[in-house]
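Below you'll find the structure, written out as structure tokens, and then a few comments.
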Amino acid sequence: MKRIGILALQGAYEAHRKAIQRAGAIPVPVRMAEELEGIDALIIPGGESTTMLKIAGDQGLVDPLRRFGREHPIFGTCAGAIMLATEVTNPAQESLGLVDISVERNAYGRQVDSRVVHLTPEAALGGDELEAVFIRAPRITRLGNGAKVYLRYQGDPVLVGSGRHIVATFHPELSDDDRIHKLFLDSVGNGK
Ligand code: GLN
């Protein structure tokens, strides 16, 4: 069975643990660089990206995460997507630079801080409508070459594959639907 690390520094990591179990893999909490050894892939959860980055820096995890992501798949959700992006705005902040996208933080405004919507997947993902929970979500404002869009909301890409990685600007772990975690698991270990 695949072992999927879940970065457990801050934020919504517990819900990912359950989603990964339901999707048929072994979740492994990651808080230290050594714990990146022996896992097949990693999830960076939602939360608060500035805080997560600060804790990752304090734990000496930033470079180990970058190295890990050059060889293994990472799935970043919400703050995790911000962590993975090559460019972050509103405000600008450092990031791991593993996924060639630009993201604008907290992009949907205060009044609509959080919402649950139902989206129709693009052909590449397929299937029925999918629930998407947005919480102070970032917006993907630029996609790099070769990015694959699986879901859009109001025209914006919200679930994107890029090389071996996947980013979601919403919280798939908070919905009772494991399609997105399964999509990620399917990409793990297929040599991409
Ligand atoms: N607004 C948060 C940030 O900028 C992300 C919110 C989330 O992960 N739900 O980091």
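What you see is a predicted model; the values in this text were computed from it and never measured. Note that ligands are numbered from 1 as they come in the structure, with each ligand's atoms numbered from 1 the same way.
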Q: Give a yes or no on whether Val62 and Leu9 share a hydrophobic cluster (residues Ile, Leu, Val, Met, Phe, Trp, Tyr; joining criterion: side-chain heavy atoms under 4.5 Å apart).
A: yes
Using a cut-off of under 3.5 Å, which N/O atoms of ligand 1 pair up with protein N/O atoms, and what distance separates each pair?
from: ligand 1; atom 1: 1 (N); to: Asn106; atom 2: OD1; distance (Å): 2.7
from: ligand 1; atom 1: 1 (N); to: Arg136; atom 2: O; distance (Å): 3.0
from: ligand 1; atom 1: 4 (O); to: Arg105; atom 2: NE; distance (Å): 2.7
from: ligand 1; atom 1: 4 (O); to: Arg105; atom 2: NH2; distance (Å): 3.0
from: ligand 1; atom 1: 8 (O); to: Gly47; atom 2: N; distance (Å): 2.9
from: ligand 1; atom 1: 8 (O); to: Gly47; atom 2: O; distance (Å): 3.1
from: ligand 1; atom 1: 8 (O); to: Ala79; atom 2: N; distance (Å): 3.0
from: ligand 1; atom 1: 9 (N); to: Ile135; atom 2: O; distance (Å): 2.9
from: ligand 1; atom 1: 9 (N); to: His171; atom 2: NE2; distance (Å): 2.8
from: ligand 1; atom 1: 10 (O); to: Ser49; atom 2: N; distance (Å): 2.7
from: ligand 1; atom 1: 10 (O); to: Ser49; atom 2: OG; distance (Å): 2.7

Q: Could you tell me whether a side-chain N or O of Arg164 sits under 3.5 Å from a main-chain N or O of Arg70, the two making a donor and an acceptor?
A: yes
Q) Among all residues two or more places apart in sequence or in another chain, which pass the salt bridge (Lys or Arg N to Asp or Glu O under 4.0 Å) test with Arg31? A) none
Q: Could you pull out all residues at least two apart from Thr51 that satisfy side-chain hydrogen bond (donor to acceptor under 3.5 Å, both in side chains)?
A: Glu48
Q.
Tell me every residue that passes side-chain hydrogen bond (donor to acceptor under 3.5 Å, both in side chains) with Glu122, counting only those two or more places apart in sequence or in another chain.
A. none
Q. Using 30° and 60° as the class limits, which term best fits the ring planes of Tyr108 and Tyr153: parallel, tilted or perpendicular?
A. tilted
